[in-house]
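Remember, predicted model here, so these are calculated numbers, not experimental data.
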Amino acid sequence: MSQKFFSLNENKDLQKALQLILYKSIEEKRHYILQKLTVYYGNNYFNQGENDSAYYYFLKSENCYKTQR
């Protein structure tokens with residue numbers, strides 16, 4: 001669902017969907033989903049021109065990926 005909002009460039013709806021998925025994945029301790037979410041957050045901020053925030057989330061995603069291995 002969040003991928004649809006991302007492709008449609010619906011930033012507000014994307015933020016809401018990501019927040020909901022984030023809370024659920026933290027509750028269920030699904031690390032793979034957390035890693036994918038941080039990529040979506042990074043892409044969303046990158047598309048909005050907020051490069052500092054995008055870098056933060058891309059770095060967080062990379063660290064999450066490394067700890068999964």
Side-chain angles (χ1 to χ4, degrees):
M1 181 166 87
S2 59
Q3 194 169 21
K4 294 281 186 190
F5 290 133
F6 181 74
S7 63
L8 294 173
N9 203 20
E10 295 288 335
N11 293 328
K12 289 182 183 178
D13 292 331
L14 177 62
Q15 285 291 97
K16 289 178 187 176
L18 290 176
Q19 281 289 357
L20 179 64
I21 297 168
L22 177 67
Y23 291 134
K24 291 289 184 182
S25 60
I26 289 172
E27 285 176 2
E28 297 174 9
K29 297 180 182 177
R30 295 187 178 199
H31 299 288
Y32 173 75
I33 295 173
L34 288 172
Q35 189 265 334
K36 292 295 282 181
L37 280 175
T38 54
V39 170
Y40 281 127
Y41 270 114
N43 285 333
N44 186 36
Y45 284 117
F46 182 77
N47 286 340
Q48 293 178 20
E50 297 180 31
N51 294 334
D52 291 343
S53 296
Y55 177 76
Y56 170 78
Y57 282 104
F58 288 142
L59 189 61
K60 194 171 185 170
S61 174
E62 182 181 2
N63 290 336
C64 187
Y65 178 76
K66 286 179 182 179
T67 59
Q68 280 182 338
R69 292 179 134 206

Drop me the distance from [X]'s [atom1] to [Y]'s [atom2], to the nearest 0.5 angstrom.
X: Y41; Y: L34; atom1: OH; atom2: CG; result: 10.5 Å
X: N51; Y: F58; atom1: CG; atom2: CZ; result: 9.0 Å
X: C64; Y: L37; atom1: SG; atom2: CG; result: 9.5 Å

**Study point:** S53 side-chain N/O to E50 backbone N/O, donor-acceptor pair under 3.5 Å
**Key:**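 Here the side-chain-to-backbone pair does not exist.
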Check your understanding: Side chains of Y57 and N44: closer than 4.5 Å at any heavy-atom pair?
Key ->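 In short, these two side chains do not touch, never coming nearer than 4.5 Å.
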**Study point:** Over 12 non-hydrogen atoms of neighbours within 6.0 angstrom of OH in Y56
**Key:**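 Open.
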Check your understanding: When S61 is tested against each of K36, K66, Q35 for side-chain contact (heavy atoms from CB on, under 4.5 Å), which residue passes?
Key ->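 It is Q35, the one option of K36, K66, Q35 that forms the side-chain contact (heavy atoms from CB on, under 4.5 Å) with S61.
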Check your understanding: Minimum heavy-atom separation for A54 to F46, with atom names?
Key ->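 Shortest heavy-atom contact: CB-N, 3.6 Å.
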